[in-house]
Amino acid sequence: MIYLDHNATSLVRSSVRDAMHAVEALPLNASSVHKAGRKAKQLLEGARKSLADYLSVFPHEVIFTASATEANNTALRALAPTHPLLVSTVEHPCVLNTGLKLGASVIVVDAKGVVDLAVLDAKLASVGRAALVSVMLVNNETGVIQPIEEVAHIVKKHGGKLHVDAVQAFGKMPIDLGTIQADMLTISAHKIGGPVGVGALILRDDKGFVPLLTGGGQERGLRAGTENIPAIIGLSALIDEISPAAMQAQQQTWHNLREQFIQTIRQYAPEAPVYGAKTAQMPNTIMVGMPGMGSETQLMHFDLADIAVSAGSACSSGKVQPSHVLRAMGVPLDEAAQAIRISMGYNTTFQEVQTCAENWLILYRKAISNGSGAGSGRRLA
Ligand code: PLP
């Protein structure tokens, strides 16, 4: 199978598997006082320190969770009782839907997919008290990178707090909390070759923080529940793979592969829209529209060709819905319903991307011959 859906989840790296394998047979409960428990505690705190050093924070600021969804829910719900919420319209559903349920007001984005800083400024001014703002660093559907330092500057100017969902940024670009000035930041392991079942919320200051999960005193009483130590060890093993130099080299590779894909399809489909390309963007992600063919039909064809890609967000019925991110960027409904997402990972090759582009063109030819609206493309060889 050609797997190009790494923004959904990636394949566990062999180094991560080895690190997890070394501990997975042990009885690891870091709250136990016996020898095995002390070993668990030592592993947990070692992993916490590695992650804290990597993100330039203190170890006590790292709260391990079972997913990024949990970390995001924790962040929003922790401050919702005391802070008005503002979330951007392009957030992942675990932030957007949670925020809306909690009565959040939304911050719109422009046609490039970038949050409107003037709207943020005006909304924060009109709120009149300290708010919690949640803006993601890298969008999971388009790869658009938000100007997070400017967002932080505005939020601080109004005395508010900033939560950053950095799930699609972690391990792909440098994240330094000294620079970003976020009060809370979410990461996850499984988008870059770590295991599913672990995430972390970085919490700079726990004053007024209401835990989502209560029970035992794990994670300094801020997140109850026995820590998943093999997964946490897997997360910390990633750190050796995601040095600044490694990420830079990886980004260059993705950039080249992305250009190759776009050039290949644009030879015959110059009108095919590639979304988010007019601003800073994570090069592993290509959100591309196929004029004349719906995303769901495309996904079926790609699946038959043994190529895994995705579109918008799949609802629980498995039916593909047009991307709320594209809609927020002002893309008309019928056009948004023709977009698919190709997302590359650490092991993606030139040949895989080329095969995907060729299959895209085969489909595009079908769309043209069906006369379903893709009239302006050049003839295919
Ligand atoms: N935030 C972003 C930006 C994501 O891309 C995802 C997963 O796609 C999540 C949060 C939620 O991650 P999980 O489903 O692993 O909890």
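For ligands, and for the atoms within them, numbers begin at 1 and follow the listed sequence.
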* **Lys112: partners by salt bridge (Lys or Arg N to Asp or Glu O under 4.0 Å), with sequence neighbours left out** => none
* Qualifying residues under side-chain contact (heavy atoms from CB on, under 4.5 Å), relative to Ala237, sequence neighbours excluded -> Val16, Ala19
* To do: Determine the interplanar angle of the Phe58 and His60 rings, folded into 0 to 90°, and report it as parallel if under 30°, tilted if 30 to 60°, perpendicular if over 60°.
  => parallel
* Asked: Does a side chain donor of either Glu70 or Ser67 reach within less than 3.5 Å of an acceptor in the other side chain?
  -> no
* Asked: Would you say the side chains of Asp165 and Thr186 form a donor-acceptor pair under 3.5 Å?
  -> no
* Please list, by chain and number, the protein residues whose heavy atoms come under 4.0 Å of ligand 1. => Asn7, Ser67, Ala68, Thr69, Asn72, His92, Cys94, Met136, Asn140, Asp165, Val167, Gln168, His190, Lys191
* **Partners passing side-chain hydrogen bond (donor to acceptor under 3.5 Å, both in side chains) against Asn284 (at least two apart in sequence or in another chain)** => Asn7
